[in-house]
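To start, I am sharing the structure in question, which I have written as structure tokens.
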2 protein chains.
Amino acid sequence: MKLGAITIKDIAKALELSASTVSRALRDSHEIGAETKKRIQDYAAANNYRPNLAALSLRKGRSKSIGIVLSNVANNFFSQIIDGIESIANSKGYNVIITQSKDSAEREKMIINDLSARSIDGLIVSLAAETTDYSVFEELNNEGLPMVFIDRIAESIETHKVVADNFAGAYEAVRHLAGNGYKKIALIANNRNLSISKERIEGCVKAFDELGLEQSSDWVRFCAAGGSDRGEMENVVSALLSMENRPDAILTLSDTLSLKTLRMLKNKNTAIPDDIGLMGFSNFNNADLLEPALSVIYQPSFEMGSLAAKLLLSEIESKRPVTKFEKHILKTRIVTRKSSAASHL
Amino acid sequence: MKLGAITIKDIAKALELSASTVSRALRDSHEIGAETKKRIQDYAAANNYRPNLAALSLRKGRSKSIGIVLSNVANNFFSQIIDGIESIANSKGYNVIITQSKDSAEREKMIINDLSARSIDGLIVSLAAETTDYSVFEELNNEGLPMVFIDRIAESIETHKVVADNFAGAYEAVRHLAGNGYKKIALIANNRNLSISKERIEGCVKAFDELGLEQSSDWVRFCAAGGSDRGEMENVVSALLSMENRPDAILTLSDTLSLKTLRMLKNKNTAIPDDIGLMGFSNFNNADLLEPALSVIYQPSFEMGSLAAKLLLSEIESKRPVTKFEKHILKTRIVTRKSSAASHL
DNA sequence: TTGTAAGCGTTATCAG
DNA sequence: CTGATAACGCTTACAA
């Protein structure tokens with residue numbers, strides 16, 4: 001706490017009133033005389049009184065802050081999500097405590113324990129890539145902590161959920177690629193545990209099936225570390241390029257993977273789209289400035305964040321316990337550019 | 001607070017001990033008998049006891065959380081800074097409350113008031129572009145709230161400060177451009193209030209002077225909104241391109257401005273570097289993948305963040321009031337690429 | 001080694 | 001309309 005901080009007691013003493021009177025006056029209670037109220041409010045303003053949130057929080061059992069757990073802040077998609085969450089939380093007087101799991105299950109668990117001690121009023125979670133055990137979240141949920149999953153969700157846990165339409169986004173991306181003549185489409189996905197990996201792959205498979213495109217399990221690669229392990233990425237891309245039955249396009253199924261794959265392909269002097277087509281999930285706002293301009297599936301990240309925050313706050317502020325939970329699926333947007341242009345193989 | 005939460009009193013009652021004994025045992029005090037201690041700790045673990053931070057915070061006057069105020073999270077440079085801050089704060093058990101001023105002085109003031117009520121233990125600030133009045137910060141600083149400025153600083157306020165070597169970065173960038181034959185270098189800067197704008201321009205001017213390069217106030221443009229106002233950017237770039245005495249290179253003096261300027265130039269079908277050279281401050285990690293590959297002045301954002309956090313935490317945890325403040329200036333790194341290659345005008 | 005009691009700043013309850 | 005008191009969960013003299 002700050003040194004000079006003035007309390008209700010101080011005001012009460014100075015004005016020769018009781019603490020309760022001061023407290024009521026400061027909250028503009030109607031049961032306080034007009035002039036007394038004014039005297040108190042003026043004194044408080046003049047002396048720069050600020051309520052002590054720790055005390056309030058202890059008293060009321062609510063801290064007016066919410067926690068966010070996600071894999072990494074320094075990421076287009078996630079930072080846009082934060083922006084969305086913040087925009088709502090802030091306008092309703094909530095503070096946002098941000099933490100990063102760095103995709104480590106262990107770190108995620110530590111963070112959650114820590115956050116839950118902080119008497120936060122609610123939690124927004126996007127799971128770490130490594131996580132397979134959801135029990136920490138289940139416990140918190142059972143204890144009654146309002147919680148919303150976003151993007152990388154635990155389907156089995158009963159909470160509000162906000163996701164992009166991963167299935168449709170991936171499905172349409174494949175149809176676009178196929179429409180431009182690509183026939184052997186490889187997928188590079190994030191960790192196979194993640195809901196987003198599964199949903200996106202399913203979308204692709206549906207399109208493959210419908211279009212009668214060749215499929216191979218060798219053309220579906222996972223990056224357990226989500227692209228942050230350079231060696232892993234290197235191996236995946238090299239393997240794909242050197243296959244006997246080589247794919248003619250790559251569809252990358254996460255933000256980080258898309259730019260990393262582009263980098264790998266360029267490093268290897270692979271011509272895009274002539275040698276191989278490329279398209280990916282990406283929320284990089286300047287994908288059109290890349291060489292080649294990158295075709296993307298764009299997720300409404302800001303809206304996802306703000307929606308998640310709205311759901312969470314309404315749950316927090318609801319009088320009766322929420323029992324009916326919603327899963328919101330927001331439309332993705334496909335932008336096709338040179339990297340997936342009609343190939344001339 | 002969570003519903004099922006168990007308290008020290010609960011443990012005391014269950015084990016027929018006093019609250020103080022339990023409290024001491026949980027903090028592993030030596031004045032508690034080994035078996036009592038074990039009994040308590042086991043019970044606490046089994047029942048998933050978590051200390052109530054609000055109570056702790058009220059009792060101790062410290063909340064183990066720090067606030068960050070910066071212009072915008074969804075930004076390469078700032079999100080990397082957050083990553084750096086988080087890495088340190090987290091390892092020392094501090095939580096990080098992130099807020100965005102969106103470059104509005106008014107919003108910044110609101111945020112600060114709000115944060116200061118939250119009994120945060122310290123504050124890391126990067127000023128909003130609009131801010132000219134530092135009195136809010138001065139007051140907080142005088143009240144004894146530990147505070148560190150990062151990147152966009154208020155020189156007059158006595159706190160620790162962490163910045164990149166903006167002067168040298170800009171200076172070297174100009175020398176590079178000049179070395180490649182550019183003679184009429186225009187600058188696009190963020191809001192003129194900002195320390196970073198001033199320092200970077202001064203660095204350029206020093207190089208201009210040394211090299212005897214032509215200078216013109218018309219070649220120095222400011223974007224009051226830091227590039228987030230599209231019309232403003234449009235005007236600035238158009239004006240530069242249509243000047244009678246047209247610059248042959250543009251040096252952009254902030255992260256956002258660099259990519260926005262690249263976009264504008266491409267929209268106008270300006271060939272880079274042939275029509276005009278381009279270089280800029282940018283922490284975009286894939287600047288080499290752009291078309292053209294962008295020459296950048298890169299700031300050690302992660303290190304800046306972690307250093308700021310270290311300074312802040314050491315001040316927070318120092319026994320005696322800190323009176324001697326440090327200004328740390330971290331080296332930038334210049335990476336030259338095609339966008340500023342030797343021109344053939 | 002353990003217990004008792006006071007207090008951190010606030011508000012809700014009850015009295016006056 | 002205003003005041004006294006207790007309580008939120010925790011720590012820390014001081015006592016035993």
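Naming: A, B, ... by sequence-line order, numbering from 1 per chain.
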Rounded interatomic separation in angstrom, taking CG from A:Leu56 and P from C:dG9: 12 Å

Side chain of B:Ser20 - closest among D:dT12, C:dC14, D:dG9: D:dT12

d(CD1, B:Ile11; C1', C:dT2) in whole Å: 16 Å

Rounded distance (Å) that lies between atom C1' of D:dA7 and atom CG of B:Asn52: 13 Å

Distance below 4.0 Å between A:Ser23 side-chain N/O and C:dT11 OP1 or OP2: yes

A:Arg27 vs A:Lys9, nearer the 5' end of DNA chain C by closest nucleotide: A:Lys9

Protein-nucleotide distance (B:Leu58, atom CG; C:dT11, atom C1'), rounded to Å: 13 Å

Closest to the A:Ala55 side chain, choosing from C:dG9, D:dT2, D:dC10: C:dG9

Between P of D:dT11 and NZ of B:Lys64, the distance in whole Å: 13 Å

Distance test, side-chain N/O of B:Ser18 to OP1/OP2 of C:dG3, below 4.0 Å: yes

B:Arg59 side-chain N/O to C:dA6 phosphate OP1/OP2 under 4.0 Å: no

Any donor-acceptor pair under 3.5 Å from B:Thr7 side chain to B:Asp10 backbone: yes

5' priority, DNA chain D, between B:Arg24 and B:Pro51 [closest heavy atom]: B:Pro51

Side-chain (B:Lys9) to main-chain (B:Ala19) donor-acceptor, under 3.5 angstrom: no

Sugar-phosphate only, base, or nothing, as touched by A:Ser57 at under 4.0 Å among non-hydrogen atoms: nothing

Contact check, side chains of A:Ile66 and A:Ile85, non-hydrogen atoms, under 4.5 Å: yes

Separation of D:dT11 C1' from B:Arg62 CZ (nearest whole Å): 12 Å

d(CG, B:Leu53; C1', D:dC8) in whole Å: 15 Å

Closest-nucleotide 5' rank along DNA chain D - winner of B:Glu31 and B:Ala54: B:Ala54

Partners meeting side chain to side chain contact (heavy atoms under 4.5 Å, CB included) with A:Glu106 (sequence neighbours left out): A:Ser104

Nearest-angstrom distance from the residue atom CG of B:Leu26 to P of D:dG9: 15 Å

A:Ser126 side-chain N/O to A:Val69 backbone N/O, donor-acceptor pair under 3.5 Å: no

